[in-house]
Amino acid sequence: MAQETAQTYPFAIEVKGQLDEPWAMTFLPDGRMLVTEKPGQLHIVTQDGEASEPVEGVPEVAYCGQGGLGDVALHPDYAENDLVYLTFAEAGENDTRGAAMGRGTLNLDAMRIDDFEVLWRQDPKVTGCGHYSHKIAFSPDGQYLFLSSGERQKKDPAQDRSSNLGAVLRLTLEGEAAEGNPFYDEGGVTAQIWSYGHRNTLGLAFDEEGTLWQHEMGPKGGDEFQKIEEGENYGWPVVSNGDNYDGSDIPEHDTRPEFRQPDEFWNPVISPSSMIIYDGAMFNAWQGSPLITGLNSRALVQVSLNCEWDNREICEAERYGFENRLREIEQGPDGAVWLLEDERDGEGGRLLKLTPAE
């Protein structure tokens, strides 16, 4: 970011390091970070930006397009069991691929994940290298794992509950369909589904009241932000507030009241890539706000859940421009905000730390 722009913003930016196609990160109890790189590496990174050699025991990934090593998350009882979850693109037969999720025991002394086991897979695997989604959010009570499953740029599976594509899933911590899911009695992968009709969900986070919020990429226009509600159909690809990439029209949400409408949407798009709901001590103005990173928009977007204008409860509140595409956001233990840039012209993506401006 240019210095003159940074001075007008409520934060200072420190460049802490650089990684190869970074995709996701999470903080360990000791303040270090686990950071995934899309080609298939997992690193332990200090808050000074020093990255370890790749952690061993990471699953082999199908690296192409948007696919590779994805999200990383600590088990709710990590302090007792050292379990770490990873999502990744997995190769199938006949040039097909699908997202997968598994877990293993992180051995920090040996820099290795032991006994990694795949717990969940997209079904079916399909051709192509896009829209895996595979973001993880644990319920506040630590009992359930919510997982986003993209529609793999195939559109129609998002309305087909016989697959688990184009959906937000509620699973047990062992990767099974959770009892009480809205379609649990139908069995199979349908039993995993919590909501459906989604395109590409790269942001999934709970607020302090236990409400699950989500953002997803629209097609040519129509990026969405919304509350995730049990059993609801969010309409893709039947409705969208954007158009198809070939310019053909898609009916808007308000033409089909049976589909849940987004609480906020963007035209032109922000290309939302990750999200937190901020609850730290450093930024009072961000308390309780979703913070969303943008790719094409090269922006950090603050959403208000208590919008004071335009007769709406939910709206974009602020937008802060950056030099490069932003891939990931996490809140540090002390309330600082950490960002990963997307890969830029073969030079990797930088690790950035935001603290209040002086």
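Please read these numbers as outputs of a predicted model, since none were measured by experiment. The first residue of the sequence shown is numbered 1, and numbering continues consecutively from there.
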K.L.:
Between R199 and E216, does any side-chain N to carboxylate O distance fall below 4.0 Å?
P.N.:
no

K.L.:
Would you mind checking if E232 and K227 are paired as a salt bridge, meaning a charged N to carboxylate O distance below 4.0 Å?
P.N.:
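Result for this pair is no, no salt bridge flagged.
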
K.L.:
What do you reckon, are the aromatic ring centroids of H134 and W23 less than 6.0 Å apart?
P.N.:
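Here the rings of W23 and H134 have centres that are less than 6.0 Å from each other.
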
K.L.:
On the six-membered ring of F27, is R32 placed so that its NZ or CZ lies under 6.0 angstrom from the centre and within 45° of the ring axis?
P.N.:
no

K.L.:
Has E208 got more than 12 heavy atoms of other residues, nucleotides or ligands less than 6.0 Å from its CD?
P.N.:
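No, CD of E208 has 12 or fewer neighbouring heavy atoms, counting only those of other groups under 6.0 Å.
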
K.L.:
Would you verify whether the NZ or CZ of R103 falls within 45 degrees of the ring axis of F116 while also being under 6.0 Å from that six-membered ring's centre?
P.N.:
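Not flagged: R103 not positioned over aromatic ring of F116.
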
K.L.:
Just wondering, more than 12 heavy atoms not from K16 lying within 6.0 Å of its NZ?
P.N.:
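Yes.
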
K.L.:
Are F146 and F206, when compared by the centres of their aromatic rings, separated by less than 6.0 Å?
P.N.:
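Yes, ring centres under 6.0 Å apart.
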
K.L.:
Run the salt-bridge test on R97 and D95 with the 4.0 Å N-O cut-off and return the result as yes or no.
P.N.:
yes

K.L.:
Only pairs at least two apart or in different chains count here, so list each side-chain hydrogen bond (donor to acceptor under 3.5 Å, both in side chains) that has a residue in residues 54-74.
P.N.:
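side-chain hydrogen bond (donor to acceptor under 3.5 Å, both in side chains) check on residues 54-74 returns E21-Y63.
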
K.L.:
Which heavy atom in W286 sits nearest to a heavy atom in P10, and how many Å separate them?
P.N.:
CZ2-CG, 4.5 Å

K.L.:
What's the shortest heavy-atom distance between A89 and G67, and which atoms?
P.N.:
CB-CA, 3.9 Å

K.L.:
With heavy-atom distances below 4.5 Å as the criterion, would you say the side chains of R325 and R344 are in contact?
P.N.:
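No - every pair of side-chain heavy atoms lies 4.5 Å or more apart.
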
K.L.:
Does R112 pair with D115 as a salt bridge, N-O distance under 4.0 Å?
P.N.:
no

K.L.:
For this output row, return yes or no: ring centroids of Y132 and F88 closer than 6.0 angstrom.
P.N.:
no

K.L.:
Sequence neighbours excluded, which residues qualify as side chain to side chain donor-acceptor pair (under 3.5 Å) partners of E330?
P.N.:
none

K.L.:
Are side-chain heavy atoms of L28 and L106 found at a separation under 4.5 Å?
P.N.:
yes

K.L.:
Going by atom types alone, do Q214 and H198 pair a side-chain donor with an acceptor below 3.5 Å?
P.N.:
yes

K.L.:
Does the side chain of N181 pick up a donor-acceptor pair with the side chain of W194 at under 3.5 Å?
P.N.:
no

K.L.:
Taking atom types as modelled and ignoring hydrogens, do the side chains of Q261 and N241 form a donor-acceptor contact shorter than 3.5 angstrom?
P.N.:
no

K.L.:
Centre-to-centre under 6.0 Å for Y85 and F138, is that the case here?
P.N.:
yes

K.L.:
Which heavy atom in S273 sits nearest to a heavy atom in R327, and how many Å separate them?
P.N.:
OG-O, 3.2 Å

K.L.:
Examine R170 relative to Y144 and say whether NZ or CZ is less than 6.0 Å from the centre of the six-membered ring and inside a 45° cone about the ring axis.
P.N.:
yes

